[in-house]
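Here is the structure we will look at, set down as structure tokens.
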Amino acid sequence: MSIPSAQSRSPRRGAEQRMTRQRLAVGNALDSLDDFVSTQELYRLLHERGDSVSLATTYRILQSMAEDGQVDVLRSGDGEAVYRRCAVEHHHHHLLCRNCGKTVEIEAPAVERWAARVAEEHGFTEVAHTVEMFGLCPECGA
């Protein structure tokens, strides 16, 4: 995987989303997962559970949830978007296993200070950033 871009968790300003049966099914499936999942993988999981949600609808719901800050989204090395409901609601980063996909949410105060300093040095305001780290988890590295 290459270094991805991640979507901000700050909620978009706009209309509330209508709570449909499909949206509930997608949300429940995401709640049952610990790691990032592609739309295709989530679609397969939904159908294994007996939830009738089309692939196109799954894509639309995940994109909407990402825009609303309900899920984090990363780009894998091949450019595919992967999604996860994170346990923490505030700004954070991820450490992701390149082999099995295990994900650890991390705090990075030194990175936060560095980003703020660089932005200030260049006169930028309202700056957002993402840091995603990839490696092998202890199980895969053994």
Side-chain angles (χ1 to χ4, degrees), residues 1-120 122 124-142:
M1 284 186 172
S2 65
I3 296 177
S5 63
Q7 188 115 358
S8 168
R9 286 189 57 82
S10 58
R12 90 180 145 149
R13 292 176 176 58
E16 290 276 321
Q17 292 294 317
R18 195 176 66 150
M19 194 49 66
T20 63
R21 174 188 54 78
Q22 294 93 339
R23 186 173 277 275
L24 283 170
V26 168
N28 289 336
L30 286 169
D31 289 341
S32 72
L33 301 170
D34 291 327
D35 296 322
F36 282 89
V37 63
S38 71
T39 306
Q40 294 276 347
E41 292 166 327
L42 185 61
Y43 171 75
R44 279 191 291 279
L45 175 64
L46 288 165
H47 280 268
E48 287 171 8
R49 297 170 120 185
D51 291 314
S52 178
V53 182
S54 73
L55 182 58
T57 298
T58 304
Y59 273 106
R60 279 193 303 275
I61 290 170
L62 286 171
Q63 181 60 41
S64 171
M65 292 175 84
E67 290 171 358
D68 287 344
Q70 297 172 1
V71 296
D72 278 355
V73 59
L74 305 177
R75 294 260 174 221
S76 65
D78 61 3
E80 182 177 33
V82 290
Y83 302 86
R84 177 178 182 214
R85 246 204 245 266
C86 291
V88 276
E89 304 257 336
H90 61 279
H91 180 74
H92 63 280
H93 304 285
H94 299 98
L95 178 58
L96 185 68
C97 180
R98 284 190 302 263
N99 188 48
C100 72
K102 177 181 179 175
T103 306
V104 177
E105 294 171 359
I106 56 174
E107 303 288 327
V111 170
E112 305 308 322
R113 289 189 299 273
W114 172 81
R117 188 185 79 240
V118 169
E120 184 180 346
H122 294 277
F124 280 63
T125 61
E126 299 185 40
V127 173
H129 68 273
T130 59
V131 175
E132 310 304 331
M133 297 174 54
F134 294 87
L136 295 177
C137 70
E139 292 79 21
C140 291

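Values reported hereafter were calculated over all heavy atoms of this structure, with side chains retained and with hydrogens, waters and symmetry mates removed. Just so it is clear, the model here is predicted, and its values are computed rather than measured.
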Point to revise | Shortest non-hydrogen contact between Glu41 and Ser38, atoms and distance | key: OE1-N, 2.8 Å
Point to revise | Thr103: partners by side chain to side chain donor-acceptor pair (under 3.5 Å), with sequence neighbours left out | key: none
Point to revise | Any donor-acceptor N/O pair, Arg84 side chain to Asp34 backbone, under 3.5 Å | key: yes
Review point. Hey, mind stepping through Val118 and Phe124 against side chain to side chain contact (heavy atoms under 4.5 Å, CB included) and telling me if it holds?
Key: CA-CA 8 Å; Val118 169; Phe124 280 63; over 6 Å; no
Check your understanding: Is atom CD of Glu120 surrounded by more than 12 heavy atoms (other residues, nucleotides or ligands) closer than 6.0 Å?
Key -> no
Check your understanding: Just by distance, do the side chain of Arg49 and the backbone of Ala25 share a donor-acceptor pair under 3.5 Å?
Key -> no
**Study point:** Check: His94 side chain, Phe134 main-chain N or O, donor-acceptor pair, under 3.5 Å
**Key:** no
Revision key, fill the gap. Tyr83 and Val73 have their tightest heavy-atom pair at CE2-CG2, 3.5 Å
Review point. Is there a side-chain contact between Glu48 and Leu45 (heavy atoms, below 4.5 Å)?
Key: yes
Practice item. Could you walk me through whether Glu139 and Cys97 pass side chain to side chain contact (heavy atoms under 4.5 Å, CB included), step by step? Key: CA-CA 10 Å; Glu139 292 79 21; Cys97 180; over 6 Å; no
Review point. When rounded to the nearest 0.5 angstrom, what is the spacing between CG in Leu55 and CD in Gln40?
Key: 5.0 Å
Practice item. Sequence neighbours left out, what passes side chain to side chain donor-acceptor pair (under 3.5 Å) with Arg44? Give chain and number order. Key: none
Revision key, fill the gap. Hits for ring pair (Phe, Tyr, Trp, His ring centres under 6.0 Å) against His129, two or more places apart or cross-chain, chain-then-number order -> His91, His93
**Study point:** Separation of Glu112 CD from Arg117 CZ (nearest 0.5 Å)
**Key:** 13.0 Å
Review point. Which pair of heavy atoms, one from His47 and one from Ser52, lies closest together, and at what distance?
Key: CE1-CA, 4.4 Å
Review point. Do the non-hydrogen side-chain atoms of Leu33 and Leu42 ever get within less than 4.5 Å of each other?
Key: yes
Revision key, fill the gap. Heavy-atom nearest pair, Ser64 first then Arg23, reads OG-NH2, 2.9 Å
Review point. Quick one: are Lys102 and Cys140 in side-chain contact, heavy atoms under 4.5 Å?
Key: no
Revision key, fill the gap. Heavy-atom nearest pair, Phe36 first then Asp72, reads CE2-O, 3.6 Å
Check your understanding: Does the side chain of Met65 come within less than 4.5 Å of Leu30's, by heavy atoms?
Key -> yes
